[in-house]
Amino acid sequence: MRFKKTEVCQTCSKMKNVCQTCLLDLEYGLPIQVRDTGLSVKDEVPKSDVNKEFYTQNMEREIANTDGTRAVGQLGKATSSSDMLLKLARTTPYYKRNRPHICSFWVKGECKRGEECPYRHEKPTDPDDPLADQNIKDRYYGINDPVADKLLKRASTMPRLDPPEDKSITTLYIGGLGDTVTDGDLKSHFYQFGEIRTITIVQRQQCAFIQFATRQSAEMAAEKSFNKLIINGRRLTVKWGRSQAARGKEGIKDGVSEMGTRLDPVPGLPGALPPPPALDEEAPANYFNLDPSTSPAVMNITLPPPPGINPPPPGFGPPMFHPMGPMAPPMPPPMSMRPPGHIHYPSQDPQRMGAHAAHGSRHGD
């Protein structure tokens with residue numbers, strides 16, 4: 001059995017465009033406070049008896065001049081819809097609102113009707129729950145409504161698509177295309193927001209990039225299509241594109257590409273260079289990578305003689321190396337007087353690319 005009670009008169013319900021029983025908006029099924037916040041409407045109804053009567057007479061005159069299918073007052077002037085209201089609107093019937101109230105006598109243990117009682121024999125909700133403190137007056141005037149506060153908090157936590165700070169970005173990323181969505185389908189939907197410069201579809205990633213001619217058109221398309229774009233039965237993802245500079249910096253990081261695929265290392269490429277060793281201020285600079293255990297025995301290396309002049313024999317010319325002390329190690333002979341030995345060049349390594357092993361019998365030696 002359904003129990004309904006008429007809370008407001010027909011004129012008051014038409015002024016606010018609400019139901020006479022539940023006081024919810026007839027179009028969205030939401031409380032008045034949520035609807036006025038989404039539409040940016042501030043409809044202040046007088047609360048005193050004299051002003052309320054005068055205001056009601058004016059509203060009745062305005063209602064009589066209309067066909068009764070549209071709202072009147074400040075609400076009738078708000079022609080634009082709100083995306084927040086479309087997301088919060090209830091699309092299925094809410095049958096719990098038709099249930100009878102809780103029997104207060106049963107809560108006290110004094111109800112003597114038993115099963116014939118028209119009210120519910122259930123325990124009330126937590127008294128500390130803000131939804132337990134509701135009244136019709138606050139619901140109608142749209143102030144201090146706990147149900148509206150709960151819905152507004154839910155709307156504030158819903159995902160939204162903020163435009164990037166870079167004003168040069170006019171490209172939108174459309175993901176989840178599948179095999180049924182073509183560039184013609186995308187163009188037929190997005191052309192209404194402004195001039196489209198290019199539409200690029202990446203079949204491998206099942207995504208597309210739509211570039212608009214102006215930033216205003218891109219912002220309007222992102223606002224109207226975010227979280228509610230359905231083409232050919234597929235719900236598509238709408239995001240903002242990134243600039244070329246940001247894409248180059250963030251394209252590959254830690255071996256992972258921009259699309260999320262891990263890149264295999266390429267053989268033959270040098271790895272990352274090791275960090276330079278920490279410099280000690282007290283340690284002397286070793287520019288020639290000499291063994292630090294040996295004492296510096298040689299210094300002041302002289303230049304070789306100019307071409308055309310034979311070098312002096314050993315022992316007759318100026319010393320090329322100056323020992324630093326009596327206990328210094330023996331001086332090595334100059335390069336020109338060292339015995340010939342086998343010199344190994346990197347190109348002689350057969351493991352290197354393009355190298356050939358030397359064969360003694362190749363030239364008939």
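Keep in mind that the numbers below use all heavy atoms, side chains included, and drop hydrogens, waters and symmetry copies.
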K.L.:
If you compare all heavy atoms of V181 against all heavy atoms of N232, which two are closest, and at what distance to 0.1 Å?
P.N.:
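V181 and N232 have their closest heavy atoms at CA-ND2, 4.1 Å.
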
K.L.:
What distance do D25 atom CG and L85 atom CG have between them, rounded to the nearest 0.5 Å?
P.N.:
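Going from CG on D25 over to CG on L85, the span is 8.0 Å.
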
K.L.:
Hey, could you give me the CZ/CD1 distance between R215 and I169, rounded to the nearest 0.5 Å?
P.N.:
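Those atoms lie 6.5 Å apart.
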
K.L.:
Shortest non-hydrogen contact from A213 to R197?
P.N.:
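What the structure gives for the nearest pair is O-NH2, 3.5 Å.
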
K.L.:
Can you tell me how far the OH atom of Y173 sits from the CZ atom of F209, to the nearest 0.5 Å?
P.N.:
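That separation rounds to 6.5 Å.
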
K.L.:
Write down the atom of P146, the atom of Q134, and the distance for their closest heavy-atom approach.
P.N.:
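Of all heavy-atom pairs spanning P146 and Q134, the closest is CG-CG, 3.7 Å.
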
K.L.:
Over all heavy atoms of both residues, which pair between C19 and L26 is shortest? Give the atoms and the distance, please.
P.N.:
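Shortest heavy-atom separation between C19 and L26 comes out as N-CD2, 3.7 Å.
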
K.L.:
Sort out for me which residue in R139, K137, K150 forms a salt bridge (charged side-chain N to carboxylate O under 4.0 Å, His left out) with D145.
P.N.:
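That would be R139.
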
K.L.:
With a 4.5 Å heavy-atom cut-off, do T214 and T170 have their side chains touching?
P.N.:
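Side chain of T214 against side chain of T170, heavy atoms only: no contact under 4.5 Å found.
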
K.L.:
Is any side-chain heavy atom of V238 closer than 4.5 Å to a side-chain heavy atom of I174?
P.N.:
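Contact flag for V238/I174 side chains = yes.
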
K.L.:
Would you indicate whether R113, at its atom CZ, is surrounded by more than 12 heavy atoms from other residues, nucleotides or ligands within a distance under 6.0 Å?
P.N.:
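Not more than 12 within 6.0 Å, no.
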
K.L.:
Tell me yes or no: between the side chains of D185 and S188, is some donor less than 3.5 Å from an acceptor?
P.N.:
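Not at all, the side chains of D185 and S188 share no donor-acceptor pair under 3.5 Å.
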
K.L.:
Under the criterion side-chain contact (heavy atoms from CB on, under 4.5 Å), which of V41, L88, N17, L24 is the partner of R35?
P.N.:
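Of the listed residues V41, L88, N17, L24, the side-chain contact (heavy atoms from CB on, under 4.5 Å) partner of R35 is N17.
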
K.L.:
If you count every heavy atom of other residues, nucleotides or ligands that lies below 6.0 Å from D179 atom CG, does the total exceed 12?
P.N.:
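No, because the 6.0 Å sphere around CG of D179 holds 12 heavy atoms or fewer from other groups.
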
K.L.:
Checking side-chain polar atoms at under 3.5 Å, does Q211 have a donor or acceptor matched by the opposite partner on T198?
P.N.:
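Distance-only check passes for Q211 and T198.
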
K.L.:
Test side chain to side chain contact (heavy atoms under 4.5 Å, CB included) on F212 and F190; report intermediate values, then the result.
P.N.:
CA-CA 9 Å; F212 288 87; F190 284 98; 3.9 Å; yes

K.L.:
To the nearest 0.5 angstrom, please state how far the NZ atom of K167 sits from the CD atom of E219.
P.N.:
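Those atoms lie 5.5 Å apart.
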
K.L.:
Using side chain to side chain contact (heavy atoms under 4.5 Å, CB included), reason through S225 and F193 one step at a time and then give a plain yes or no.
P.N.:
CA-CA 10 Å; S225 304; F193 305 112; 3.9 Å; yes

K.L.:
State plainly whether one hydrophobic cluster holds both V202 and I199, where clusters connect Ile, Leu, Val, Met, Phe, Trp and Tyr through side-chain heavy atoms under 4.5 angstrom apart.
P.N.:
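V202 does not cluster with I199.
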
K.L.:
So if you build clusters from Ile, Leu, Val, Met, Phe, Trp, Tyr with side-chain heavy-atom gaps below 4.5 Å, do V147 and I102 land together?
P.N.:
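Result: no, two separate clusters.
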
K.L.:
In terms of ring plane angle, is the pair W106 and H121 parallel, tilted or perpendicular, where the classes change at 30° and 60°?
P.N.:
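Rings of W106 and H121: parallel, as their planes differ by under 30°.
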
K.L.:
First locate atom CG of L23, then atom CG of D138, and finally report the distance between them rounded to the nearest 0.5 Å.
P.N.:
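CG of D138 is found 11.5 Å from CG of L23.
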
K.L.:
Is the CD atom of Q216 crowded by more than 12 outside heavy atoms at less than 6.0 Å?
P.N.:
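No, not enclosed.
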
K.L.:
Which heavy atom of C117 sits nearest to which heavy atom of C103, and what is that distance?
P.N.:
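That would be SG-SG, 3.8 Å.
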
K.L.:
Would you say that more than 12 heavy atoms from the other residues, nucleotides or ligands in this model lie under 6.0 Å from the CG of N65, or not?
P.N.:
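Yes - once you tally the heavy atoms of other residues, nucleotides and ligands closer than 6.0 Å, there are more than 12.
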
K.L.:
Find the distance between CD1 (I136) and CD (E7) and round it off to the nearest 0.5 Å.
P.N.:
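So the CD1 of I136 and the CD of E7 are separated by 4.0 Å.
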
K.L.:
Could you check whether atom NZ of K187 has more than 12 heavy atoms from other residues, nucleotides or ligands sitting under 6.0 Å from it?
P.N.:
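Not more than 12 within 6.0 Å, no.
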
K.L.:
Does the Y140 side chain pair with the main chain of V8, one donor and one acceptor, at a distance under 3.5 Å?
P.N.:
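Not a single qualifying donor-acceptor pair exists.
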
K.L.:
Between F226 and L172, does the side chain to side chain contact (heavy atoms under 4.5 Å, CB included) criterion hold? Intermediate values first, please.
P.N.:
CA-CA 11 Å; F226 179 68; L172 295 181; over 6 Å; no

K.L.:
Do I196 and L186 have side chains that approach each other closer than 4.5 Å (heavy atoms only, starting at C-beta)?
P.N.:
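No, too far: nothing below the 4.5 Å cut-off.
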
K.L.:
Could you tell me whether K108 and E110 make a salt bridge, using a distance below 4.0 angstrom between a side-chain N and a carboxylate O?
P.N.:
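E110 and K108: not salt-bridged.
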
K.L.:
Hey, is CD on E53 packed in by over 12 heavy atoms from elsewhere, all under 6.0 Å?
P.N.:
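Open.
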
K.L.:
Can you name the nearest heavy-atom pair linking S217 to G194, along with the distance?
P.N.:
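Closest heavy-atom pair between S217 and G194: OG-CA, 3.5 Å.
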
